[in-house]
Amino acid sequence: MFHLEIETRLRAAVSAVAPSADLATVQVRPAAEARFGDFQSNSLMAVAKALRLNPRQLATDVLARLDIADLCEPVEIAGPGFLNFRLLPGALARLLEQALGGSHLFFRPAASPRSVVIDFSSPNVAKPMHVGHIRSTGIGDALQRIWRLLGHRVVSDNHIGDWGTQFGKLLVGWKTLLDRDALGRDPIAEMERLYKEVNARCDADPATLDRARRELVQLQSGDAENLGIWKEMIRLSQVQFDTLYGRLGARFDVTLGESFYNAELPGVVESLVAAGVARESEGAVAVFSDHTLPPKEDPLLVSKDGEWVDIPALIRKSDGGFNYMTTDLATIAYRLRTWSPDEILYVVDDRQSGHFRGLFHVFSRWRPDDFRKAQLRHIGFGKILGEDGKPFKTRSGDTVKLADLLDEAEERAQKVVAEKRPDLTPDEQKEIARIVGFGAV
RNA sequence: GCGCCCGUAGCUCAGUUGGAUAGAGCAUCCGCCUUCUAAGCGGACGGUCGUGUGUUCGACUCACACCGGGCGCGCCA
């Protein structure tokens, strides 16, 4: 808190002495060493450099304008222009009294609250949540807590994967291979089995692949039976999601999955074509580079064999189906008109950075006015690697399920607690094991 | 081939946007328990900041090149 207050006053003084200085570069931070005082600022040297002034003279002039006698002892100019601040005991006492009254010591609420949509977690229906989901979920939930604490308005949205080509195969599996008992015992495992089984058959048998395509078309055209199965798969999956989010303590304001935007997709494509942004290509509809950006920065170009070639964003496949680019465009439009956010954050792993660059670029060409109103930002992160530096997998090569990971963490912690604190009741041990285990994860 | 991310102590990572002697946790070693959580406390040990050039009064930080790891590049998401 003190460094923010000192910083505010220092900026005012710098502004009075050097109106053209970039105040964002004027910063105060805790002193590197006690002999330099409590807080220090190295910024005047940078300001002096930018404005071609003598740093010590600038420091002297700034200090003459700095009103800080109620907080600090007389400020010291050290070396080429470091400022060293020493707090007055009385100022510290006043702050601690405020803290006793409930005010926070380490941050100030945002002066102008922003509105932000945070998109994170986004697991797929009919598949087990795996170890990778913990990062998007943890980072996204941490971000929403921080934004809220600072006084911003947050909408957290779980954009679940509840639509797409995988449902063709799942429907074939559900209709021909479903084991009802297994589904009752562990619905996610059974649905995963169905998908893997049908997927394997599709590789070997064109007829099965064709059947999957037909089931998908049926679903997309509103067939009652397929819609019913699809909804049941979502319901069973949501039970899994809710269980895991409950364990992790993550919350969402809304869960608007991909399917929520289905009805808007044809209109999105028409609109993009009408605006001259998209055009037909090899039976599909795609957005090509408009060559307004340098090739290296253009997400719709890629270098192949020394030449820049198009890598268009597909918004409708040649079979009439839509791509997730289209869904994501519809999603941005919906969020902007529904919540009018200042920012939309996508907490998604770095492998999708290319997709988001393309998405934001295409949206800027589709809705330039809306694009200027909101910042679209991809919050990327790496994947979890094993001890060998390779992506973290089980011994048999499968992805590690999030539920299994959490179970194991609790079990291992439980063993330690039971050994060290046999005097506690089983319930107390279990609760400590949960906290310690998840903390370790 | 082109592009993105990463490389700091044995391990996992910070390093506040170019500043003063590069930090923390864990691990290791030493010292603390007549018990309010020893799942703790104090101390020590530990670094060519991947490598090399360059820019600068000053580089972990910026630029370029290389080495090593991860990832992405038209009808999956």
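In what follows, chains carry the letters A, B, and so on, assigned in the order in which the sequence lines appear, proteins first and then strands, with residues in each chain numbered from 1.
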On a whole-Å scale, what distance lies between the [atom1] atoms belonging to [N] and [M]?
N	M	atom1	result
rG40(B)	rG3(B)	P	48 Å
rC45(B)	rU37(B)	C1'	29 Å
rU56(B)	rA63(B)	C1'	12 Å
rA59(B)	rG72(B)	C1'	31 Å
rC11(B)	rU17(B)	P	29 Å
rA22(B)	rU61(B)	P	14 Å
rG25(B)	rG58(B)	C1'	31 Å
rA9(B)	rC49(B)	P	10 Å

Let's test your reading of the model: under 3.5 Å, does the base of [N] pair with the side chain of [X] as donor and acceptor?
X	N	answer
D328(A)	rA77(B)	no
Q40(A)	rA20(B)	yes
E282(A)	rC75(B)	yes

Exercise for review: Using only heavy-atom distances, determine whether the side chains of Q218(A) and R214(A) contain a donor-acceptor pair under 3.5 Å.
Suggested key: no
Exercise for review: Determine, stepwise, if the pair F252(A) / F120(A) fulfils side-chain contact (heavy atoms from CB on, under 4.5 Å).
Suggested key: CA-CA 9 Å; F252(A) 295 92; F120(A) 64 97; 3.3 Å; yes
**Study point:** Given RNA chain B, 5'-ward residue of the pair I432(A) and S318(A), judged by closest heavy atom
**Key:** I432(A)
Study note, to complete from the structure: Result for 5'-nearest mapping on RNA chain B, choosing between P312(A) and A46(A), is A46(A)
Check your understanding: Under a cut-off of 3.5 Å for both distances of each Watson-Crick or G-U pair, what dot-bracket string does RNA chain B give, using [ ] for crossing pairs and | for inter-strand pairs?
Key -> (((((((..((((.....[...)))).(((((.......))))).....(((((..]....))))))))))))....
Exercise for review: Measure the shortest side-chain to side-chain distance between D162(A) and S237(A) over non-hydrogen atoms and say whether it is less than 4.5 angstrom.
Suggested key: no
Practice item. With the side chain counted from C-beta on, respond yes when S41(A) and L10(A) share a heavy-atom pair under 4.5 Å apart, and no when they do not. Key: yes
Point to revise | Working for side-chain contact (heavy atoms from CB on, under 4.5 Å), residues E343(A) and H152(A) | key: CA-CA 11 Å; E343(A) 298 191 30; H152(A) 300 288; over 6 Å; no
Name each donor-acceptor pair under 3.5 Å that joins a side chain in residues 164-173 of chain A to protein atoms two or more places apart or in another chain, with its distance.
residue: K169(A); atom: NZ; partner: N199(A); partner atom: OD1; Å: 2.7

Polar atoms only, N or O, under 3.5 Å: list the protein pairs with nucleotides 55-62 of chain B and their distances.
residue: rG58(B); atom: O6; partner: K49(A); partner atom: NZ; Å: 2.9

Review point. rA20(B) base stacked by F82(A)? Criteria: ring centres under 5.5 Å, plane angle under 30°.
Key: yes
Check your understanding: With the threshold set at 4.0 Å, does a side-chain nitrogen-carboxylate oxygen contact exist between K415(A) and E411(A)?
Key -> no
Review point. If you measure from the Lys or Arg side-chain nitrogens to the Asp or Glu carboxylate oxygens, is any gap between R279(A) and D310(A) under 4.0 Å?
Key: no
Practice item. For F322(A), report the nucleic acid contact type (base, sugar-phosphate, nothing); a contact means any heavy atom under 4.0 Å. Key: sugar-phosphate
Review point. Heavy atoms under 4.0 Å, any strand shown: does L314(A) hit a base, just sugar-phosphate, or nothing?
Key: base
Review point. When you look at CZ of R377(A), are more than 12 heavy atoms from neighbouring residues, nucleotides or ligands closer to it than 6.0 Å?
Key: no
Study note, to complete from the structure: Per the O4'-C1'-N9-C4 / O4'-C1'-N1-C2 angle with a 90° window around 0, rG74(B) comes out syn
Point to revise | Presence of K317(A) side-chain N/O under 4.0 Å of rC76(B) phosphate oxygens OP1/OP2 | key: yes
Check your understanding: For the salt bridge (charged side-chain N to carboxylate O under 4.0 Å, His left out) test, which of D328(A), D342(A), D119(A), D253(A) pairs with R335(A)?
Key -> D119(A)
Review point. Counting side-chain heavy atoms from C-beta on, which of rA20(B), rA77(B), rC73(B) comes nearest to I311(A)?
Key: rC73(B)
